[in-house]
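Just the heavy atoms: all of them, side chains too, but no hydrogens, waters or symmetry mates, feed the values below. Chain identifiers are assigned alphabetically (A, B, ...) following the order of the sequence lines, protein sequences preceding nucleic acid strands; residue numbering begins at 1 within each chain.
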2 protein chains.
Amino acid sequence: MDPDVAYERAELLKAFSHPTRLQILDELRKGTRCVTDMEDILPVTQVNISQHLTVLRNARLVDFAQDGALRCYYVSRPKLVGGVLDLLSAGHPVIRKTKEQIDREKAGSPKEKVSSRG
Amino acid sequence: MDPDVAYERAELLKAFSHPTRLQILDELRKGTRCVTDMEDILPVTQVNISQHLTVLRNARLVDFAQDGALRCYYVSRPKLVGGVLDLLSAGHPVIRKTKEQIDREKAGSPKEKVSSRG
DNA sequence: GTGTAACATTAGAATGTTCTTATCTTACAA
DNA sequence: TTGTAAGATAAGAACATTCTAATGTTACAC
């Protein structure tokens, strides 16, 4: 993976990587919300919500439409945001491998062993 | 989303959120690697790779099997790691909404309007 | 124009992460 | 048992993120 690409992707993931921002994204996934809606739900200050929304906006994960004095925030990359949130909420069992398993994998994969089962 | 759950998920995402760690995960996805293999590929010191591997191990994203003096590292939650890396490499167009679109969505969704097309 | 509700911005202290340098452990071969 | 290759750990400086407190902006009703 190219270092520049890796950097860019890490920056994107960093925008997700905060409890409050995950909660904001999860809430916005249900529908458009303005800042005061979020104040009612999240145990943090308005200023702090605004700051986190700025981070999310810079990462192009959310955007807003102005409605008078209100700002209607929405998720601007639904498949990305939904994909990440869904992955996080799914169960992912931790696997373990022994040296022997690894050796067998190494022996099998390089030549795509045709003999076993095929 | 429960704040404790949000915290836990943010911690998990933080383990992904570093260029070097993404590169390590991408490399390990191709197969088991020891630390010196990674030294050859990544433009960082052995110490630094070790430190990043510790972060990944604490997050239960990787583990290793000892082979003499070598440590064979592998991805221990392949679906999670693969899912995140695949999402990142896919193209995710940024959508925009106007206030009018949002108003229409709000009007349609609450009652799951049956009249249009059905 | 004045007041106010909704939201953003700024500055800085507090906190957390990352990298560097030095040191340590372990496995193994001579 | 000495040397060396593989890898981990510790301490701290450098850097980045987060939160708090104060202030700024905008839209609108009166």
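- Of the candidate nucleotides C:dC7, D:dT20, D:dG7, C:dC7 has the atom lying nearest to any side-chain atom of A:Leu70.
- Atom-to-atom distance recorded for A:Arg9:CZ and B:Ser89:OG is 5.0 Å, nearest 0.5 angstrom.
- For the pair A:Cys72 and B:Val47, nearest-nucleotide mapping onto DNA chain C gives the more 5' position to A:Cys72.
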>> Evaluate B:Ile49 against B:Thr45 for side-chain contact (heavy atoms from CB on, under 4.5 Å), listing each step before the verdict.
In response: CA-CA 6 Å; B:Ile49 291 172; B:Thr45 63; over 6 Å; no
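- Checking the phosphate oxygens (OP1, OP2) of C:dA6, no side-chain nitrogen or oxygen of A:Tyr73 falls inside 4.0 Å.
- Out of D:dG7, D:dC19, C:dC7, the shortest distance to the side chain of A:Asn48 is found at D:dC19.
- Per the geometry, CZ belonging to A:Arg71 stands 14 Å off P belonging to D:dT25, to the nearest Å.
- Within residues 53-69 of chain A, the residues having any heavy atom under 4.0 Å from DNA chain D are, by residue number, A:Gly68, A:Ala69.
- A salt bridge links B:Arg29 with B:Asp86; the closest basic N to acidic carboxylate O contact falls under 4.0 Å.
- Within residues 9-19 of chain A, the residues that have a heavy atom under 4.0 Å from DNA chain D are, in order of number, A:Lys14, A:His18.
- The side chain of A:Gln46 approaches C:dC7 more closely than any other nucleotide in the set D:dA8, C:dC7, D:dC19.
- The shortest side-chain heavy-atom distance between A:Pro93 and B:Lys79 does not fall under the 4.5 Å cut-off.
- Under the 4.5 Å side-chain heavy-atom criterion for grouping Ile, Leu, Val, Met, Phe, Trp and Tyr, A:Leu80 is connected to B:Leu85 within one hydrophobic cluster.
- By the 4.0 Å N-to-carboxylate-O rule, A:Arg71 lies too far from A:Asp67 to be salt-bridged with it.
- Remark: A:Cys34, A:Val35, A:Thr36 in residues 24-41 of chain A come within less than 4.0 Å of DNA chain C through at least one heavy atom.
- Remark: A:His52 is in phosphate contact with D:dC19, judged by side-chain N or O atoms under 4.0 Å from OP1 or OP2.
- For the pair B:Leu13 and A:Leu22, the minimum side-chain heavy-atom distance is below 4.5 Å.
- Note: OH (A:Tyr7) to P (D:dC15) measures 14 Å, nearest angstrom.
- Remark: P of D:dC19 and CD1 of A:Ile49 are 11 Å apart, rounded to the nearest angstrom.
- Taking CE of A:Met1 as the reference point, atom CD of B:Glu27 lies at 10.0 Å (rounded to 0.5 Å).
- For D:dT18, one of the phosphate oxygens OP1 or OP2 lies less than 4.0 angstrom from a side-chain nitrogen or oxygen of A:Arg21.
- Between the CD atom of A:Gln51 and the C1' atom of D:dA16 there is a distance of 15 Å, given to the nearest Å.
- Between the NE2 atom of A:His18 and the CD atom of B:Glu11 there is a distance of 10.0 Å, given to the nearest 0.5 Å.
- Residues A:Tyr74 and B:Arg96 have side chains in contact (heavy-atom distance under 4.5 Å, counting atoms from C-beta outward).
- With hydrogens and angles left out, the side-chain atoms of A:His92 and B:Arg77 include no donor and acceptor closer than 3.5 Å.
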